Student: 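Sharing a structure here in structure tokens format.
Only a predicted model underlies this, so the values are computations on that prediction, with no experimental measurement involved. Numbers for residues simply follow the sequence, beginning at 1.
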Amino acid sequence: MVNYNEMKSIKISRCLEATISTLVFRLKRDGIATSYVDRLVVELLRRDDSFASLLVRLLFDGVSKDVVSERIMTMVAADAVVEDDTPECALRALCDSLHSEVAPSVLSSAHVLHRALRDRTTATHKIFAERGVGAQQLAELMCQLAAGEYNDKNIVG
């Protein structure tokens with residue numbers, strides 16, 4: 001298992017760390033070298049304990065996160081972006097890049113989702129854009145949740 005917390009003192013959520021480790025293992029085992037960021041987003045959305053999953057439930061009122069995941073994977077299958085790097089190196093570079101943006105904060109699945117929405121080449125960006133959801137909306141929701149300003153009685157904790 002890859003321990004991303006040991007890389008250059010990156011602070012990373014346990015959910016994100018576990019998801020990355022599992023995804024890297026699967027991608028290497030299956031010989032997949034396409035659309036790493038989209039695949040990471042899909043894996044994060046599948047987890048009920050991820051911040052990204054919560055954000056998608058809030059942004060796509062009434063639309064299942066599984067439906068969003070399936071749409072992303074359908075688009076990846078149709079128009080996969082071939083990666084030049086190994087999954088381990090590519091996802092490490094993603095974490096390094098994100099860490100430089102949010103330091104000294106802890107990286108979470110929400111940061112990965114936000115990066116995917118900012119990148120117009122990802123299937124994630126395209127699927128969210130179809131629903132009129134962009135990186136700015138996601139960032140505003142993240143800030144509202146962090147500040148305790150989001151007034152939805154259905155959110156627990």
Student: Pair up each side-chain donor or acceptor in residues 58-67 with any protein partner under 3.5 Å, not counting sequence neighbours, and list the distances.
Tutor:
residue	atom	partner	partner atom	Å
Ser64	OG	Asp66	N	3.0
Lys65	NZ	Leu45	O	2.8
Lys65	NZ	Arg46	O	3.4
Lys65	NZ	Asp48	OD1	3.1

Student: Inspect the surroundings of CZ in Arg29 and state if more than 12 heavy atoms from other residues, nucleotides or ligands are less than 6.0 Å away.
Tutor: yes
Student: Just wondering, do Val37 and Thr124 contact through their side chains at under 4.5 Å, heavy atoms?
Tutor: no
Student: Do the side chains of Leu55 and Leu145 get nearer than 4.5 Å, heavy atoms only?
Tutor: yes
Student: Can Leu113 be reached from Val102 by stepping across I, L, V, M, F, W or Y side chains whose heavy atoms are under 4.5 Å apart?
Tutor: yes
Student: Are any side-chain N or O atoms of Ser50 and backbone N or O atoms of Leu44, one a donor and one an acceptor, separated by less than 3.5 Å?
Tutor: yes
Student: Of all heavy-atom pairs between Tyr36 and Leu23, which one has the smallest distance, and what is that distance?
Tutor: O-CD2, 4.2 Å
Student: Measure across Leu117 and His125 and return the closest heavy-atom pair with its distance rounded to 0.1 Å.
Tutor: O-ND1, 2.7 Å
Student: To the nearest 0.5 angstrom, please state how far the CD atom of Glu83 sits from the CG atom of Leu91.
Tutor: 8.5 Å
Student: Specify the closest pair of heavy atoms between Ala116 and Val41, including all atoms of both residues, with the distance to one decimal.
Tutor: CB-CG2, 3.7 Å
Student: Within this structure, what is the CG-OG1 distance for the pair Leu27 and Thr22, rounded to the nearest 0.5 Å?
Tutor: 10.5 Å
Student: Taking C-beta and beyond as the side chain, do Val68 and Arg71 meet within less than 4.5 Å on heavy atoms?
Tutor: no
Student: Do Glu140 and Gln144 get their side chains close enough for a donor-acceptor pair, meaning under 3.5 Å?
Tutor: no
Student: Answer whether the closest heavy-atom distance between the side chains of Val76 and Val42 falls below 4.5 Å.
Tutor: no
Student: Answer yes or no: is there a side-chain heavy-atom contact under 4.5 Å between Ser35 and Val81?
Tutor: yes
Student: Do Ile127 and Met75 come close enough that some side-chain heavy atom pair is under 4.5 Å?
Tutor: yes
Student: Donor-acceptor pair, Arg47 side chain versus Ser53 backbone, under 3.5 Å?
Tutor: no
Student: May I ask you to decide whether Arg118 forms a salt bridge with Glu101, counting only side-chain N to carboxylate O separations under 4.0 Å?
Tutor: yes
Student: Considering non-hydrogen atoms only, spot the tightest contact between Ala52 and Ser109 and give its length.
Tutor: N-OG, 2.8 Å
Student: So how far is it from Ser21 OG to Glu88 CD, rounded to the nearest 0.5 Å?
Tutor: 9.0 Å
Student: Could you measure the distance from the NE2 atom of His99 to the NE2 atom of His111? Nearest 0.5 Å is fine.
Tutor: 10.0 Å
Student: If you take all heavy atoms of Arg115 and Ser97, which pair is closest and at what distance?
Tutor: NH2-OG, 2.8 Å
Student: Inspect the surroundings of CG in Asp84 and state if more than 12 heavy atoms from other residues, nucleotides or ligands are less than 6.0 Å away.
Tutor: no
Student: First locate atom CG of Leu40, then atom CD of Glu43, and finally report the distance between them rounded to the nearest 0.5 Å.
Tutor: 8.0 Å
Student: Closest heavy-atom contact between Asp38 and Ile72?
Tutor: CB-CG2, 4.1 Å
Student: Could you tell me if the side chain of Leu94 sits less than 4.5 Å from the side chain of Ile20, heavy atoms only?
Tutor: no
Student: Tell me whether Val112 is reachable from Phe25 by hopping between hydrophobic residues (I, L, V, M, F, W, Y) whose side-chain heavy atoms are closer than 4.5 Å.
Tutor: no
